Amino acid sequence: MCGIVGYIGEKCACDVLVEGLRRLEYRGYDSAGVALLVDDHINVVKTIGKVSVLENIIHDSKSARIGIGHTRWATHGEPNSVNAHPHTDCSGDIAVIHNGIIENYVALKKKLSCLGHEFKSQTDTEVLAHLIEEFNSRADNLEVAVRLALREVDGTFGLVVMSAKEPEVLVAARRGSPLLIGLGESEKLIASDASALIRHTRNVVYMHDNEIAVVTRNNVSLKNLDDETINREAEYLTFNLEQIEKGGFDHFMQKEISEQPETILNAFRGRLKDDEGIATMGGLRDVEDKVTNAKRFVIIACGTSWHAALVGKYIMEQHARIPVEVDYASEFRYRKPVLMEGDVVWAISQSGETLDTLAALREAKRAGVPVYGIVNVVGSTIARETDAGVYIHAGPEIGVASTKAFTSQLAVLNLINLLVSRKRKTLDAKQGKEIIEEMHRLPEKICQILDQKERIKEIAEEFRDSRNFLYLGRGVNFPVALEGALKMKEISYIHAEGYPAAEMKHGPIALIDEDMPAVFIALGHSTYHKSLSNIQEVLARKGKVIVVANEADGRLKDLSDHIIEIPRTLEILSPILSVIPLQLLSYYMAIERGCNVDQPRNLAKSVTVE
Ligand code: G6P
């Protein structure tokens, strides 16, 4: 969602903030702004549009050594320069940036208006600036004013406040939205995401919920909202700058798609016991018995991670013979789910910060069941709040449309399946070894698919003006159809729907005519022959058929307008391969249509509001 960055130190604050905001732009980007302290007053510059626009309109602020910056993804109030952050109080002496939602902002605004405060924007955030102003007139200092103000607030926040009256201090607070503090020498940074501060320092302190930090250039004092001091060790960030740069590619999405041979290798690294035909994961070692003896798995996730969870259901029910339920986190948290002894809840999240997933896992913890994570971002809130878990090690994913994180989630779900199935003896060592052998072959097979990008580009050229797409798959490749359709919608703005192929007859078939392309995933596994019939049904209605098929499948060549061939592998591993042509198809389609691939309209990488 919104990106937050704050700086205090000896460098030009404006340059640090703008560079940080650029790295955060993928989180949310309808508008951007900074507040910089220049000659004892706060200079606020904000605009609708990109950080590059902002950069061009900041003048005369180069002397500032303290400031805050924000990229916004609108929740309350349309995207425009008035609603952009930072927001200020009546005097213009206090500036606030905020990620999250102040749920009682209407009541607070009313109260503050009665006290004479004048509001400029339609945002919930602006009430924070006025509320802090109100308390600041009575409190000893900014820290106390922020603490008192936050007692009045319902909702979520990751926020940073500065005051012209206290030019050596930034105050940050968190409840529900991520914040971390970078500890440089004679400088400190505050950001919602490590990528915004890694250029300056790798030593960071992650803030937890209900904490407030008073940050000066030489010191950080961390307390809870009840004013009790908290001592927390700094952590060291291990990812490098190249990982968050495009490295010669036109787009992050393109780079991330092409990284998949390596990211799959990283997901498996050190976790496969070839001789025993079993997987091992350090993060689950202490809870292995609970996992293998579980009576049921419940997986909660959102978006692409939810599609990965669905693949997990197919795999684990087939092999480990554990009942698996998959729930949208947003539904799970509000529908009073029945959780029982013996249940194990898994939360899957690339960012580790998705608010609904976080709230759902807290709900599950309250019910007393163990909750484990499958997460990409190391140190993220979901990674910290789960009882145990597995990192997918895909490295930073910047493109809003998730690609490499999806395949790495599938890789880890396969590892868990292998561990559990072998422990429960639903798979023997020989079968386990066969799976591992195939796992080792995946990176090479992914390279073979990536080599076909020109062919996929041609297909995108042909269908660039299509207004609808249908994605059809069966079994373990049904969730891949959903994921293919999601990718198409997200970055090409083409309406696309995913269906289990057999369901087509119950509705979607009515849509098929010569203008409707249908993308089938039809691999040589259990439901192959059924898929052939489904393809015939589309052809009979003059629909255009694009098939993702196994190499040398002569039958499908005759039955399709376009065939994209992928190497054979085991059915449970096949989604890791079959999704890649669909990622590439949506990527090239977006390019053909002139869409902004990495920053699609209305979407954000990390959804930290409900
Ligand atoms: C957003 C992103 C998706 C992602 C989803 C869940 O919608 O745009 O790419 O799949 O959130 O995010 P998570 O970080 O929890 O996997």
Side-chain angles (χ1 to χ4, degrees), residues 1-3 24-29 73 75 99 176-178 192-195 252-253 256-257 263 299-312 326-333 345-362 371 373-386 389-410 412-413 479-480 482-493 498 579 582-583 586-587 590 595-610:
M1 286 281 94
C2 305
L24 291 177
E25 236 180 338
Y26 73 99
R27 295 179 65 104
Y29 31 76
W73 186 88
T75 58
N99 179 17
S177 302
S192 49
D193 187 311
S195 58
F252 281 112
M253 183 183 181
E256 287 155 9
I257 291 173
T263 48
I299 316 182
I300 48 178
C302 301
T304 289
S305 299
W306 185 81
H307 295 156
L310 270 187
V311 175
V326 175
D327 226 332
Y328 284 115
S330 54
E331 291 299 311
F332 177 91
R333 59 182 288 205
V345 171
W346 297 90
I348 306 184
S349 175
Q350 184 288 125
S351 62
E353 302 293 350
T354 301
L355 190 69
D356 279 322
T357 309
L358 186 59
L361 86 81
R362 287 176 179 160
V371 184
I374 299 173
V375 173
N376 190 31
V377 177
V378 176
S380 56
T381 313
I382 293 175
R384 285 202 314 268
E385 292 205 12
T386 38
V390 190
Y391 281 120
I392 63 170
H393 294 314
E397 189 179 66
I398 310 286
V400 166
S402 183
T403 51
K404 63 175 181 171
F406 179 68
T407 47
S408 295
Q409 288 165 343
L410 298 184
V412 166
L413 286 161
V480 176
L482 294 179
E483 176 61 9
L486 178 65
K487 291 295 86 120
M488 188 62 87
K489 278 183 279 217
E490 281 180 311
I491 57 166
S492 313
Y493 316 142
V579 75
L582 308 186
Q583 296 170 345
S586 64
Y587 171 74
C595 300
N596 186 336
V597 173
D598 285 331
Q599 297 171 358
R601 70 182 179 211
N602 304 341
L603 297 179
K605 182 70 185 158
S606 178
V607 179
T608 50
V609 293
E610 278 190 61

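All ligand and atom numbering here is 1-based and tracks the order in the structure. This is a predicted model, so every value here is computed, not measured. All values below come from the heavy atoms of this structure, side chains included, with hydrogens, waters and symmetry mates left out.
Between V345 and L361 the shortest side-chain heavy-atom distance does not fall below 4.5 Å. Within the 4.5 Å cutoff, no side-chain heavy atoms of S586 are placed close to those of E490.
Not a single ring pair (Phe, Tyr, Trp, His ring centres under 6.0 Å) links F252 to another residue, sequence neighbours left out. Listed by chain and number, the residues in a side-chain hydrogen bond (donor to acceptor under 3.5 Å, both in side chains) with T304 are E483, K487 (sequence neighbours excluded). In this view, Q350 and N376 satisfy the side-chain hydrogen bond (donor to acceptor under 3.5 Å, both in side chains) rule, not counting sequence neighbours.
Every protein residue with a heavy atom nearer than 4.0 Å to ligand 1 is included here: C302, G303, T304, S305, S349, Q350, S351, T354, V400, S402, A604, K605, V607.
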Q) Stepwise, does the side chain to side chain contact (heavy atoms under 4.5 Å, CB included) test hold for E353 with S192? A) CA-CA 10 Å; E353 302 293 350; S192 49; over 6 Å; no
